[in-house]
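This is a predicted model, so every value here is computed, not measured. Order of the sequence lines fixes the chain letters, A, B, ..., with proteins taken first and strands second; residue numbering starts at 1 for each chain.
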Amino acid sequence: MATATGTNTPAPAILTCSLLEWYDRHHRSLPWRVPPAVIAAGERPDPYRVWLSEIMLQQTTVGAVKSYFDAFTSRWPTVVDLAAADLDDVMKAWAGLGYYSRARNLKKCADLVAHELDGRFPETEEGLRSLPGIGDYTSAAIAAIAFNRPAVVVDGNVERVMTRLHAMETPLPAAKPAIRAAVREMLPEDRPGDFAQAMMDLGATICTPKNPACGLCPLQVGCLAFREGKQERYPLKQAKPEKPVRVGAAFVAERPDGAVLLRKRPMKGLLAGMAEVPTTDWTARQDGISSRDGAPFPADWKPRGAITHVFTHFELRLSVFHALADIEAPEGHWWSDPASLSGEALPTVMRKAVAAALPHRRLTRRR
DNA sequence: TATGCGTGGGT
DNA sequence: TACCCAAGCAT
């Protein structure tokens, strides 16, 4: 439509058409995706695989998800299989992927779908939204991708694309309603699933945070940020508070046969229900950083350096100590022998601690 | 609306 | 190096 200045802004439907043509040619091939040509032939994706991929992809990169997705779908091909699994096994399979409440909710959701919904996922946003671990984004994404419903799917990619397209001066998250409205304008009635994935692919491969490839962008003719040469200015965001530092000590006890003493973290809070080596409390204090006070039992604890791990909202510095011990596992602890250790539900921070104490031990899960 | 919740890769 | 960021959810 024409503007007062004489410059032309294409109608939303024109941009949508351009985006879908781009997607037909340049879509990413992903293990959980049914490509557009196959969709056009009338095939639909497996809702279980769509759901599983969407949960794994929450705040997580495609590269990190792929091997986990393959492992999960090989071991548990259907939602009924996953419902029949032990939660402990699911947590072990999830270890390293982060945000562990996702895995707990994944299992809850699978149980619910398998036992109360006859193994079938709801087909509406509202129905999906009521399931554990499924919020506004994920319900819309599954409804669109698995069931071709005209849902407004807005993730971080879409936020970036739309704030640039319209040169939105409102910072996130306040801009979200305007972003949703702008996406709704572009929704195609016939291909909502492809449209949602096309927007995300565009954000991931063309409309990137740094150095966007505007020369290859199907929306370039309509992009106000590009017109002003200010692509990287958007999206505007609220400033974040700085990260506090917490310190503590970790104690890696090794039995003569090489087993390592572990315990289970509380079921609530950080790394809930995951395994760990014994540690002191993690405090904000900077002094006593290498203190071996707080060891789980008396032993000849020797310093093995320190590790740093950055969580979302604080940075953790752990002094690591090692000792040989041949005792019964204390209440709530267990000895994990060398063959079992890498399969434990150990979050990355604890793998770092063990690696510092046992530098010759292999702890990597996959590659 | 604000905060807590992981991790690894990119720049 | 020190950030930034990624297909967010629960409370």
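Counting non-hydrogen atoms under 4.0 angstrom, A:Arg104 reaches nothing in the nucleic acid. Within the nucleic acid shown, A:Gly203 has no heavy atom closer than 4.0 Å to any nucleic acid atom. Residue contacts shown for A:Val158 are absent, as no nucleic acid heavy atom lies under 4.0 Å away. At a threshold of 4.0 angstrom between heavy atoms, the contacts of A:Leu30 include nucleobase atoms, whether or not backbone atoms are also involved. If you check every strand for non-hydrogen atoms under 4.0 Å, A:Trp32 touches a base.
Distance from the side chain of A:Pro209 is smallest for C:dA6 among the nucleotides C:dA6, B:dT7, C:dC9. Closest approach to the A:Arg102 side chain among B:dG6, C:dC5, C:dA10 is made by B:dG6 (side chain taken as heavy atoms from C-beta onward). With B:dG4, C:dA6, B:dT7 as the candidates, the nucleotide lying closest to the side chain of A:Pro347 is B:dT7.
A:Glu169 and A:Tyr234 share a donor-acceptor pair across their side chains, judged by distance under 3.5 Å alone. For the 3.5 Å distance criterion, the side chains of A:Thr308 and A:Glu315 fail to qualify, holding no donor opposite an acceptor.
With DNA chain B read from its 5' end, the first of the two nearest nucleotides for A:Gln238 and A:Ser101 is the one closest to A:Gln238. Mapping A:Thr348 and A:Pro173 onto DNA chain B by nearest heavy atom places A:Pro173 at the nucleotide closer to the 5' end. Two residues, A:Ala204 and A:Gly133, neighbour DNA chain C, and the one matched to the more 5' nucleotide by heavy-atom proximity is A:Ala204.
Taking every heavy atom of residues 52-64 of chain A and every atom of DNA chain B, pairs under 4.0 Å involve A:Gln59, A:Thr60, by number. Contact check of residues 180-193 of chain A against DNA chain B (heavy atom, cut-off under 4.0 Å) returns no residues at all.
Rounded to an integer number of Å, the gap from A:Asp155 CG to C:dC9 P is 10 Å. In this structure, A:His313 places its NE2 atom 19 Å from P of C:dC5, rounding to the nearest Å. A straight line from CZ of A:Arg265 to C1' of B:dG4 spans 13 Å, rounded to a whole angstrom. Here B:dC5 presents its P atom at 7 Å from CZ of A:Arg246, a figure rounded to the nearest Å. Going from atom CD of A:Glu315 over to atom P of B:dG4 covers 16 Å, rounded to whole Å. What separates CE of A:Met267 from P of B:dC5 is a distance of 15 Å, to the nearest Å. One interatomic measurement links the two molecules: CD of A:Glu159 to P of C:dC5, which rounds to 12 Å at whole-angstrom precision. Between the CG atom of A:Leu172 and the C1' atom of C:dC4 there is a distance of 14 Å, given to the nearest Å.
Remark: A:Lys352 engages no residue in a salt bridge (Lys or Arg N to Asp or Glu O under 4.0 Å) (not counting sequence neighbours). A:Trp282 meets the ring-ring contact (aromatic ring centres under 6.0 Å, His included) test with no other residue; sequence neighbours excluded.
Counting all heavy atoms, side chain and backbone alike, A:Gln197 lies closest to A:Arg33 at OE1-NE, 3.1 Å. Nearest heavy-atom pair across A:Pro192 and A:Pro150 is CB-CA, 3.7 Å. Closest of all the heavy-atom pairs between A:Pro235 and A:Thr163 is CB-OG1, 3.3 Å.
B:dG6 sits 14 Å from C:dT11 when the P atoms are compared, rounded to a whole Å. Comparing the C1' positions of B:dT1 and C:dG8 gives an interatomic distance of 16 Å, to the nearest angstrom.
Counting atom types as modelled, A:Tyr99 pairs a side-chain N or O with a base atom of B:dG6 as donor and acceptor under 3.5 Å. For A:Thr312 against B:dG6, a side-chain N or O and a base N or O form a donor-acceptor pair under 3.5 Å.
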Residues 259-274 of chain A, side-chain donor-acceptor partners within the protein, below 3.5 Å, at least two apart:
| from | atom 1 | to | atom 2 | distance (Å) |
| --- | --- | --- | --- | --- |
| A:Arg263 | NE | A:Glu276 | OE2 | 2.8 |
| A:Arg263 | NH2 | A:Glu276 | OE2 | 3.2 |
| A:Arg263 | NH2 | A:Thr279 | O | 3.1 |
| A:Arg265 | NE | A:Leu270 | O | 3.1 |
| A:Arg265 | NH1 | A:Glu276 | OE1 | 2.8 |
| A:Arg265 | NH2 | A:Leu270 | O | 3.0 |

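For B:dG6, the OP1/OP2 oxygens have no side-chain nitrogen or oxygen of A:His309 closer than 4.0 Å.
Here A:Asp201 pairs with A:Arg28 in a salt bridge; the nearest charged N to carboxylate O distance falls below 4.0 Å.
Screening residues 55-73 of chain A for salt bridge (Lys or Arg N to Asp or Glu O under 4.0 Å), with sequence neighbours left out, gives no hits.
Cation-pi geometry between A:Arg246 and A:Phe314 is satisfied (NZ or CZ under 6.0 Å from the ring centre, within 45° of the ring normal).
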